[in-house]
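Chain identifiers are assigned alphabetically (A, B, ...) following the order of the sequence lines, protein sequences preceding nucleic acid strands; residue numbering begins at 1 within each chain.
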Number of protein chains: 2
Amino acid sequence: MTDPERLDATELGAFFALMEVSSLVQHAVDQQLRTDGGLTNVQFKVLMTLREAPGGRLRMTDLADDLVVSRSGLTYQAGLLEKAGLVVRTPSPEDERSTTLSLTAEGRQRIEDVLSGHIGVVRRLLIDPLSRREITALGEALTKVRDHLRADPPRSAAPRARRRNP
Amino acid sequence: MTDPERLDATELGAFFALMEVSSLVQHAVDQQLRTDGGLTNVQFKVLMTLREAPGGRLRMTDLADDLVVSRSGLTYQAGLLEKAGLVVRTPSPEDERSTTLSLTAEGRQRIEDVLSGHIGVVRRLLIDPLSRREITALGEALTKVRDHLRADPPRSAAPRARRRNP
DNA sequence: TATTGTTATACTCTATAACTATA
DNA sequence: TATAGTTATAGAGTATAACAATA
């Protein structure tokens with residue numbers, strides 16, 4: 001199609017706008033999570049992932065894979081969250097090697113405390129400035145890109161080989 | 001308009017797609033910069049900002065403001081870049097307190113070495129999957145959001161008060 | 001032997017505060 | 001007094017490798 005080593009003004013504009021907007025939104029969200037719930041973004045993701053999981057619990061390794069972090073990194077974050085009472089670590093009955101990380105009632109409450117502000121930030125910064133039409137167009141374009149990225153993951157984003165009980 | 005504490009499926013989809021796409025693209029770009037030029041994203045930004053500046057040079061403080069980092073943080077990065085020969089620090093003649101950071105020939109070359117791969121990644125991941133129409137729509141929506149974000153900066157993203165020689 | 005999770009450790013990056021030198 | 005830049009220092013977070021327990 002076009003020269004692969006060049007981007008025209010429209011293409012470059014879309015790229016720069018994407019990076020700037022996501023960075024500003026991310027920054028605002030980080031701040032909101034910290035202010036409203038004393039959570040970092042990673043910690044929020046841990047809690048949200050647990051909440052989505054059946055029973056609000058996941059094995060450490062599976063969770064680490066979901067979040068694409070090292071197991072030792074997750075151990076560190078789980079320690080912080082457990083100390084805060086938002087999560088508990090319990091040995092798994094079926095496999096004594098495993099640890100199950102479970103959301104506590106406090107953890108669920110913390111998500112509640114934070115979620116409406118979270119949504120508020122997103123709405124105010126990203127949604128409100130756009131017409132319905134533009135939101136749809138934005139979502140469709142980005143979803144298309146995401147599907148391509150997932151189909152052909154850029155090396156480092158590739159999910160780890162998932163070892164399931166054989 | 002709508003309930004500020006809720007986002008419908010379309011709105012939520014746009015938000016999630018934005019965060020996932022930007023994160024994957026950022027990750028791919030980081031890797032490309034590291035592989036092709038041994039540069040982190042911050043270092044690349046330093047070099048690019050210098051290249052855009054008249055004479056390829058900027059005062060440390062001005063550069064720190066541009067990049068929204070602390071001066072000590074920039075000192076650290078400037079040290080790395082200088083050790084790599086991509087940049088030189090020279091005392092300013094007009095104001096003996098100031099240090100001017102300048103791009104070296106090597107620094108310019110390094111940008112060249114990295115830039116086509118950089119553009120290639122962006123094209124391959126973000127541009128190629130989209131039609132021309134979609135690229136335009138994406139850029140327009142994001143530009144609109146960006147303009148709003150800049151007009152009403154989310155606290156922490158506010159540019160610092162710029163002290164100019166009074 | 002392989003896997004789970006933790007620990008010990010090292011490294012990168014960032015920022016705050018103290019400091020030096022100019023203005 | 002105020003500003004420019006560096007340095008000393010500390011803190012957060014990440015990962016790799018070694019380890020203990022279990023499969």
Side-chain angles (χ1 to χ4, degrees), chain A residues 23 26-27 30-31 33-34 38-46 50 57-84 87-102 156-157 160-166, chain B residues 23 26-27 30-31 33-34 38-46 50 57-84 87-102 156-157 160-166:
Chain A
S23 150
Q26 183 64 67
H27 204 216
D30 285 352
Q31 172 139 341
L33 290 174
R34 189 157 39 78
L39 296 172
T40 64
N41 191 51
V42 201
Q43 289 158 6
F44 181 63
K45 277 188 187 150
V46 169
L50 287 178
R57 58 182 64 232
L58 276 174
R59 293 195 332 151
M60 290 291 286
T61 295
D62 293 338
L63 183 54
D65 285 350
D66 280 359
L67 301 175
V68 195
V69 297
S70 67
R71 280 172 304 166
S72 74
L74 178 58
T75 295
Y76 174 74
Q77 292 296 343
L80 296 180
L81 289 170
E82 190 171 40
K83 194 155 38 175
V87 125
V88 279
R89 271 181 286 201
T90 52
S92 299
E94 336 92 41
D95 187 338
E96 294 276 332
R97 295 171 302 178
S98 293
T99 298
T100 300
L101 199 65
S102 317
S156 46
R160 308 179 181 186
R162 198 79 173 269
R163 275 165 221 89
R164 285 296 177 196
N165 314 338
Chain B
S23 149
Q26 183 65 66
H27 204 212
D30 284 354
Q31 172 139 339
L33 290 175
R34 189 156 39 79
L39 296 173
T40 65
N41 192 50
V42 200
Q43 288 159 5
F44 181 63
K45 277 187 186 151
V46 169
L50 287 177
R57 58 182 66 232
L58 276 174
R59 291 195 335 151
M60 290 291 286
T61 295
D62 293 338
L63 183 54
D65 285 349
D66 280 359
L67 301 175
V68 194
V69 296
S70 66
R71 280 172 304 164
S72 74
L74 179 58
T75 295
Y76 174 73
Q77 292 296 343
L80 296 180
L81 289 171
E82 190 170 40
K83 193 155 39 176
V87 125
V88 279
R89 272 183 284 203
T90 52
S92 298
E94 336 92 38
D95 187 339
E96 294 276 333
R97 294 169 303 178
S98 293
T99 298
T100 300
L101 198 66
S102 317
S156 47
R160 307 180 181 185
R162 199 77 173 270
R163 273 166 223 87
R164 285 296 179 197
N165 314 337

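Looking at the side chain of L80(A), the nearest of the listed nucleotides dT6(C), dG13(D), dT7(D) is dG13(D). Nearest to the side-chain atoms of V69(A) among the listed nucleotides dA15(D), dC13(C), dT14(C) stands dA15(D).
If you measure from atom CG of L39(A) to atom C1' of dG13(D), you get 16 Å, rounded to the nearest angstrom. The separation between K83(B) atom NZ and dT12(C) atom C1' is 13 Å, rounded to whole Å. Between the CG atom of L81(B) and the P atom of dG5(D) there is a distance of 16 Å, given to the nearest Å. Residue L67(A) contributes atom CG, which lies 14 Å from atom C1' of dT14(D) at whole-angstrom precision. Atom P of nucleotide dT12(C) and atom CG of N41(B) are separated by 17 Å, given to the nearest angstrom. One interatomic measurement links the two molecules: OH of Y76(A) to C1' of dT9(C), which rounds to 14 Å at whole-angstrom precision. Here dT6(C) presents its C1' atom at 9 Å from CE of M60(A), a figure rounded to the nearest Å. The separation between R34(A) atom CZ and dA15(C) atom C1' is 13 Å, rounded to whole Å.
Among the protein residues, S92(B) comes within range of no part of the nucleic acid, since none of its heavy atoms lies under 4.0 Å from any strand. T75(A) comes within contact range of at least one nucleobase, with a heavy-atom separation under 4.0 Å.
Residues passing the side-chain contact (heavy atoms from CB on, under 4.5 Å) test with T100(A), sequence neighbours excluded: R57(A), T90(A), S92(A), S102(A). Considering only residues two or more places apart in sequence or on other chains, R34(B) meets the side-chain hydrogen bond (donor to acceptor under 3.5 Å, both in side chains) condition with none of them. Partners of N41(A) by side-chain contact (heavy atoms from CB on, under 4.5 Å), not counting sequence neighbours, listed by chain and number: Q26(A), D30(A), L33(A), K45(A).
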Sub-3.5 Å pairs of nitrogen or oxygen atoms, protein against nucleotides 17-19 of chain D:
none

Write out a two-atom table: protein N or O, nucleotide N or O from nucleotides 19-23 of chain C, distance below 3.5 Å.
unit_1	atom_1	unit_2	atom_2	d
dA23(C)	OP1	E96(B)	N	2.9

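Rounding to the nearest 0.5 Å places CG of L67(A) at 11.0 Å from CG of D62(A). Atoms CG and CG, from D65(B) and L58(B) in turn, are 10.5 Å apart once rounded to the nearest 0.5 Å.
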Output side-chain donor-acceptor pairs under 3.5 Å for residues 73-84 of chain A, partner residues at least two apart or in another chain, one line each.
unit_1	atom_1	unit_2	atom_2	d
T75(A)	OG1	R71(A)	O	3.0
Q77(A)	OE1	Q43(A)	NE2	3.0
E82(A)	OE1	R89(A)	NE	3.1
E82(A)	OE1	R89(A)	NH2	3.0
E82(A)	OE2	R89(A)	N	2.9

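A sub-4.0 Å separation between OP1 or OP2 of dT12(C) and a side-chain N or O of Q77(B) is absent. For R89(B) and dG5(D), the shortest distance from a side-chain N or O to OP1 or OP2 is not below 4.0 Å.
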